[in-house]
Amino acid sequence: MRVLQLHTDWIEYEPIKKEIKNAEECEKKRYRLEDLVVLFVSVEKGDNEETAKRLVDEVAAFMKKLKANRLLIYPYAHLSSNLAKPATALRVLKAMEKHGKEKKIETYRTPFGWCKQFSLAIKGHPLAEQLRVITAEKPEKEKREEKVSEALKAEEKLRSYWYIIEPNGNMVPVEEFDFSKHESLEKLARYEIAKSRAVQQMPPHVKLMRKLEIADYEPGSDPGNFRWYPKGALIKSLLEQYVTAKVIEYGAMEVETPVMYDFQHPSLAKYLDRFPARQYVVKSEDKELFLRFSACFGQFLMAHDTQISYRHLPMKIYELTRYSFRREKSGELVGLRRLRAFTMPDCHALCADLQQAKDEALRRFDLCVEILEEGLELVKGEDFELAIRFTKDFYDENKDFVKALVKKMGKPALAEMWKQRFFYFVLKWEFNFIDNLDKASALSTDQIDVENGERYGIVYVDEKGEKRHPLILHCSPSGAIERCVYAMLEKAYRQQKRGKPPMLPLWLSPTQVRIVPMSENYLSHAEKIASEIEKHRIRVDIDDRALTMQKKVREAETEWIPYVIVVGKKEIESETLPVRDRKAGKIRKMKLKELVREIKDITAEKPFKPLTLPKHLSQRPQFYG
RNA sequence: GCCCCCGUAGCCUAGCCCGGUUAAGGCGUCAGCCUUGUAAGCUGAAGAUCCCGGGUUCGAAUCCCGGCGGGGGCUCCA
């Protein structure tokens with residue numbers, strides 16, 4: 001039971017609305033009490049009449065000192081995340097009230113189960129505000145001492161120390177940092193450290209992913225396994241091609257490995273013991289298999305069987321995992337932000353030693369920035385922030401490397417330091433996207449792994465002919481592809497809130513140019529223009545439906561189409577076209593050639609896929625809404 | 001996993017608290033009219049296992065229990 005105890009001059013409250021079905025009956029009016037102690041009470045699991053009594057005894061003793069004799073018990077769920085069931089809570093609250101009255105205290109209680117409005121005035125003295133926590137276990141103190149040692153050890157290892165590292169390498173404790181010019185970094189820090197959020201709202205991208213016919217829940221599958229509509233499949237596929245091309249350009253060897261692995265395989269069994277509950281399990285004849293949660297297994301098993309010389313290092317292997325599976329707890333799944341089946345580009349680099357690993361990591365850092373900035377059109381320091389996590393030992397010996405990362409970022413970064421190594425890596429960094437609910441989620445990430453080379457028996461032969469285990473870098477240059485879509489949608493929503501038109505990058509827009517004929521009389525002219533544009537590998541479609549031009553323009557706008565061209569009488573007679581430019585927010589008179597040139601310039605060096613929907617809107621089914 | 005909230009045509013919503021004729025409206029779809037100059041033209045039609053299962057009741061979209069799905073919070077995040 002958690003209780004906020006406030007000594008007040010007065011409190012006023014008014015029941016507004018029932019929040020639960022079995023709420024108590026009461027009169028909806030304004031109540032006022034003066035000169036009293038208010039107890040905001042969260043009844044937690046395990047609490048009972050006994051706890052209630054003990055708490056009231058404590059409070060009564062305190063009130064005696066204050067010479068107060070009026071008490072209000074106010075059910076208040078927000079103090080705890082481990083609440084008792086409503087029926088139990090009500091019973092406990094009633095017990096408190098009864099016991100208070102028995103102690104000759106003038107005791108009141110506000111109705112349970114209501115959304116109430118209240119205002120109060122707290123007395124100014126030092127004892128006026130107090131928190132009380134009472135648990136059901138009786139021999140509190142003895143128990144605590146004997147049990148804690150195990151847990152304490154783990155906690156000491158996991159205890160995090162938070163800092164901000166500035167581009168010049170300065171490291172300041174997070175509470176001393178001036179965040180005034182670093183709003184999104186502050187959000188990241190607050191999210192990572194305090195995890196305090198109060199918003200009760202669906203994330204904006206969930207609505208958008210459906211409205212734009214990108215992706216949707218698939219009730220016929222397991223939660224977190226999505227269906228992708230044609231437009232979404234196109235976007236996703238383009239992103240996959242783009243990231244893959246970038247990683248190959250960086251020098252990785254693309255491979256493909258199985259999605260399921262044998263629990264009994266010696267290299268895997270030990271590793272998995274640490275994470276028993278989070279995989280999908282597949283039974284096949286006498287075997288039990290788990291679905292991979294990254295490309296690590298397949299690639300490490302492959303590397304185990306590979307003849308590697310120091311000359312080959314750093315050796316880069318890449319796979320676009322479609323899919324990786326993590327059976328995240330159901331309460332964790334949120335739209336495209338966190339899924340149970342997701343597509344993750346995963347690039348490992350086997351490195352001879354720490355120096356090589358650090359050099360390589362810096363190269364990959366650049367790759368990651370490029371993908372987010374040029375590919376997804378996200379802005380460093382605004383849409384995403386750098387977080388670096390490392391052990392104290394690693395930091396002490398490799399300060400220059402950590403500084404180099406922050407310097408590359410060019411913005412202050414959040415740092416988390418552990419006294420001891422608990423995970424298999426000594427350092428990891430991520431780019432965290434901050435969404436409209438101020439939540440952070442990792443996109444690009446890289447880690448320096450010091451354990452798995454040995455665990456998987458991966459060896460290379462060094463200059464002296466001796467066998468050695470490599471260090472392994474684990475990098476997802478973009479993060480999960482689905483999460484990239486989430487980030488772009490959240491960003492678009494943010495743009496809209498700021499009065500700018502929401503858009504996807506041009507190279508990812510399913511329709512890049514839409515032709516709207518004024519009436520069917522101009523359809524053939526529209527066809528001509530469309531096929532001319534199409535020749536240049538630009539996705540174009542034609543709204544040939546029997547609707548008014550205004551309506552068709554409106555729909556093109558709600559579909560976020562970057563360029564819309566209305567074709568009528570004038571366009572047959574003239575060379576210039578009125579191009580409705582979404583980004584510019586105006587109609588630009590352009591020659592067809594100029595428009596094509598502009599689009600080709602903007603989308604240069606990005607992959608292209610033709611439209612995967614019927615070119616004519618009249619031929620197109622509606623997948624959502 | 002735990003706590004809270006939600007689930008009504010393809011979509012969005014009303015009705016539910018306080019049980020009672022054919023479950024209401026908008027968007028979309030279909031048919032027809034209109035042939036349009038840059039963000040919603042007009043008329044009509046079709047379209048609902050009221051998430052699923054059980055219970056209470058003469059009677060359940062409505063009340064109760066269980067499940068499934070979604071959202072939020074907590075915890076966790078290789």
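Chain naming here is simple, since letters A, B, ... match the order of the sequence lines and numbering starts at 1 in each. Values reported hereafter were calculated over all heavy atoms of this structure, with side chains retained and with hydrogens, waters and symmetry mates removed.
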Round to the nearest Å and state the distance from A/Leu208 atom CG to B/C11 atom C1'. 15 Å
Complement of B/C30, any strand, by Watson-Crick or G-U distances under 3.5 angstrom: B/G44
Write down the distance between NZ (A/Lys551) and P (B/G28), rounded to a whole number of angstrom. 4 Å
Nearest-angstrom distance, C1' atom, B/C3 to B/C76: 16 Å
Write down the partner of B/G69 under the Watson-Crick or G-U wobble criteria, each distance required to be under 3.5 Å. B/C6
Return the 5'-most residue of the pair A/Val553, A/Lys207 with respect to RNA chain B, ranking by each residue's nearest nucleotide. A/Lys207
Whole angstrom value for the distance that separates P of B/U75 from CZ of A/Arg338: 13 Å
Roughly how many Å apart are B/G26 and B/U43, using the P atom of each and rounding to a whole number? 11 Å
Results of salt bridge (Lys or Arg N to Asp or Glu O under 4.0 Å) for A/Arg554 - residues two or more places apart only: none
What is the distance from CD of A/Glu192 to P of B/C74, rounded to the nearest Å? 13 Å
B/A60 to B/G32 separation - P atoms, rounded to the nearest Å: 43 Å
Using a 6.0 Å cut-off, check whether atom CZ of A/Arg322 has over 12 heavy atoms from anything other than its own residue. no
Considering heavy-atom distances to RNA chain B, does A/Phe623 or A/Ser618 have its closest nucleotide positioned more toward the 5' end? A/Phe623
Does the separation of the ring centres of A/Tyr456 and A/His304 fall below 6.0 angstrom? no
Just name whichever nucleotide pairs with B/U38, Watson-Crick or G-U, keeping both distances under 3.5 Å, else none. none
Just checking A/Glu573: does its CD atom have more than 12 heavy atoms from other residues, nucleotides or ligands closer to it than 6.0 angstrom? yes
Parallel, tilted or perpendicular, as decided by the 30° and 60° cut-offs, for the rings of A/Phe290 and A/Phe297: perpendicular
Using Watson-Crick or G-U wobble geometry with both distances below 3.5 Å, tell me the partner of B/U21, or none. none
When the C1' atoms of B/A61 and B/A24 are considered, how many whole Å apart are they? 13 Å
What's touching nucleotides 47-49 of chain B from the protein side, N or O pairs under 3.5 Å?
none

Write down the distance between OH (A/Tyr76) and P (B/G73), rounded to a whole number of angstrom. 17 Å
At under 4.0 Å between heavy atoms, what does A/Val334 touch on the DNA or RNA strands: base, sugar-phosphate, or nothing? sugar-phosphate
Rounding to an integer number of angstrom, what distance separates B/G55 and B/G47 when you compare their P atoms? 31 Å
Mind checking who B/G1 pairs with, Watson-Crick or G-U wobble, both distances under 3.5 Å? B/C74
Taking protein heavy atoms under 4.0 Å as touching, what does nucleotides 32-37 of chain B look like 5' to 3' if B marks base contact, S marks sugar-phosphate-only contact and - marks none? ---BBB
For A/Arg210 and B/G10, give me the distance from atom CZ to atom P, rounded to whole Å. 14 Å
Nucleotide B/G41, atom C1' - distance to CZ of A/Arg554 in whole Å: 14 Å
Let's test this: given Watson-Crick or G-U wobble pairing with both distances under 3.5 Å, identify the partner of B/U57. none
C1'-based separation of B/G70 from B/C34 [nearest Å]: 42 Å
Sequence neighbours left out, what passes ring pair (Phe, Tyr, Trp, His ring centres under 6.0 Å) with A/Tyr624? Give chain and number order. none
Between A/Leu437 (CG) and B/C74 (P), how many Å, whole number? 11 Å
Gap in Å between the two C1' atoms, one belonging to B/C12 and one to B/G7, rounded: 14 Å
On a whole-Å scale, what distance lies between the P atoms belonging to B/G72 and B/G59? 40 Å
Do A/Tyr74 and A/Phe40 have ring centres separated by under 6.0 Å? yes
Report the residues that fulfil salt bridge (Lys or Arg N to Asp or Glu O under 4.0 Å) with A/Glu527, sequence neighbours left out, ordered by chain and then residue number. none
Only counting residues at least two apart or in another chain, list the ones meeting salt bridge (Lys or Arg N to Asp or Glu O under 4.0 Å) with A/Glu454. none
Using 30° and 60° as the class boundaries, would you call the ring planes of A/Tyr323 and A/Phe325 parallel, tilted or perpendicular? perpendicular
Would you call A/Glu319-A/Arg292 a salt bridge at under 4.0 Å N-O? yes
